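Before any comments, here is the structure.
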Number of protein chains: 2
Amino acid sequence: MKAQEENTEMLYSHVSVDCVLLGFDEDKLCVLLVERAGAPDGSTDFKLPGSLIYEHEDLDTAANRVLAETTGIKRMRLKQFRSFGSPTRTANPADMQWLQNALKLNIRRIVTIAYLSLCKIYKKSSLAGRYKSTKWFPIENIPRNLPFDHNQIIEEALKEMRRWVESEPSIVFEFLPLRFTAYQLRRIYEVIYNRKMDVRNFHKKMNTLSYIIPLDEWEEDVSHRAARYYRFDKVKYNQQRSRFNKN
Amino acid sequence: MKAQEENTEMLYSHVSVDCVLLGFDEDKLCVLLVERAGAPDGSTDFKLPGSLIYEHEDLDTAANRVLAETTGIKRMRLKQFRSFGSPTRTANPADMQWLQNALKLNIRRIVTIAYLSLCKIYKKSSLAGRYKSTKWFPIENIPRNLPFDHNQIIEEALKEMRRWVESEPSIVFEFLPLRFTAYQLRRIYEVIYNRKMDVRNFHKKMNTLSYIIPLDEWEEDVSHRAARYYRFDKVKYNQQRSRFNKN
DNA sequence: CCAAAAGTGTTTCTCATACACCCATGT
DNA sequence: ACATGGGTGTATGAGAAACACTTTTGG
């Protein structure tokens, strides 16, 4: 991280990574954006966290570095999901200007590799790092005019997230704290698939999944019947999965 | 294509596309490889068809260009499925040597965007184009030591192809001629999913799919009961799909 | 006792699977 | 007539979906 300021000559100034970090805040699916320093007109201006890669740096490593710089969390589960390389993606003069200000590099074209990662939004997460500020935006009010093609990247990331959940259901638990209620889990599915789910069927389904463990712990201080807590058991999950994936 | 020889200065020498073109030959899933001209020791040496991108060229356009140069087919359906950017992927001295011979460029590192495409293998396909020769390799005997990380790219492409078929079943028909028998279709599924499928259940399933149309045409000159031909109806497919995808 | 959310069972339908024999054609 | 592969129907089980009321708790 210090290395970045000191050794810009080590940057490989043709390829970048951008990270779409998704989280759940109460009932809403959110994206983390960072305020971009050195915006042309000084206005508040957000973008996806991202970085050029270093000369000898792997793509996955670069994405992990960006996430660590942004959130302070190391070794998050992340997934490269697509690259964006239209020659016109750096065509906006304001974006070009920013690249020159921020990176002191004269750049013609950047191909970016987009990564997806999921996490729990902690209230306190003022989030360490090199950015002026970071902010969670509910997906329905993301600024419409993000720099480069970041709006498009987020669109694609949302689609990819749905596919990811289908192919590996355990990742939804990345959104949740260690213990969670049936309601929380159900809401996540409802938002992801954009449809109401039947409460009874949902409970029944949870019961059949051996890796969702009911705890003898309940909500406290709620003005209605307290909800049970559950936790996700990774070991049981892997057992159940491998039993099914015979082919 | 002529442009390429004339204007190497227009190449953007940091990003390439590589295409994994899959096809079915009789009963076997095959990958198309091209003979690489200018191999260090003159030995026969295959690789995935690929190219650096041009300065002002979109990634998808570059991939389409590569496929057109390789097969003569324009506007194939293709899918960007992953990028490969390990700094060590160009570490093999023989590969570096070849890059310099073939491209007259001194290249440090190349990030490549991998594309997947499916097609029917025509017997006659000597395949037009800039390559010395092209050859279909059954996946079980692909040369073990393809240059760069091409072996790994093919592995990933096969996984991606399976996911693709699941998310959009119509693409299996890219493997087939306009009219095909139930046997041909079934064999493709058997190879893709690597398990035998029950003949009766398969027929039943085909009947429920409104977009697989039985024709009043049958095989000729076969020494057993002639098989019926079917065709794929794109319009009906889109109707049936959109009815299901309400959300 | 009321408001507010948690939790629980049964029925129905659809879809995947398992399984064995007759049919058409060429030699 | 026989060898070769093409084509057909039925029965079972698992899982998804539809549907309404009782329970718990705080105020």
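In this text the structure is predicted, and so the values were computed from the model without any measurement. Naming convention: chains lettered A, B, ... in sequence-line order (proteins, then strands); numbering from 1 in each chain.
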Item checked: Option passing side chain to side chain contact (heavy atoms under 4.5 Å, CB included) with B/Tyr115 (candidates B/Asp60, B/Leu21, B/Asn64) -> B/Asp60

Next item on the list: Using whole Å, report how far CZ of A/Arg186 lies from P of C/dT8.
Entry: 13 Å

Margin query: In this structure, how many angstroms lie between the C1' atom of C/dA6 and the CZ atom of A/Phe202, rounded?
Written below: 14 Å

Check: Should B/Lys47 and B/Asp18 count as an ion pair when the cut-off is N to O under 4.0 Å?
Finding: no

Scan nucleotides 9-16 of chain C against the protein and return all N/O pairs shorter than 3.5 Å with their distances rounded to 0.1 Å.
{"unit_1": "C/dT10", "atom_1": "O4", "unit_2": "A/Lys204", "atom_2": "NZ", "d": "2.9"}

Notebook entry, point to check: Which whole-number value in Å describes the distance from A/Arg225 CZ to C/dA3 C1'?
Noted result: 15 Å

Item checked: Length of the OH-C1' vector between A/Tyr189 and D/dA16, whole Å -> 15 Å

Check: Thinking salt bridges, do A/Lys159 and A/Glu156 make one under a 4.0 Å N-O criterion?
Finding: yes

Margin query: I'd like to know if the side chain of A/Arg228 reaches the main chain of A/Leu215, judged simply by a donor and an acceptor atom lying under 3.5 Å from each other, with no hydrogens or angles considered.
Written below: yes

Checklist line | Value in whole Å for how far the P atom of D/dA16 lies from NE2 of A/His203 | finding: 16 Å

Checklist line | Shortest side-chain distance from A/His224, nucleotide among D/dT23, D/dT4, C/dA4 | finding: C/dA4

Next item on the list: Would you please say whether a donor-acceptor pair under 3.5 Å links the side chains of A/Ser51 and A/Arg65?
Entry: yes

Checklist line | Sidechain N-carboxylate O distance under 4.0 Å for B/Arg162, B/Glu166 | finding: no

Checklist line | Length of the line joining B/Arg187:CZ and D/dG5:P, which is rounded to integer Å | finding: 13 Å

Notebook entry, point to check: How long is the line joining CG of B/Asp221 and P of D/dT4, in whole Å?
Noted result: 19 Å

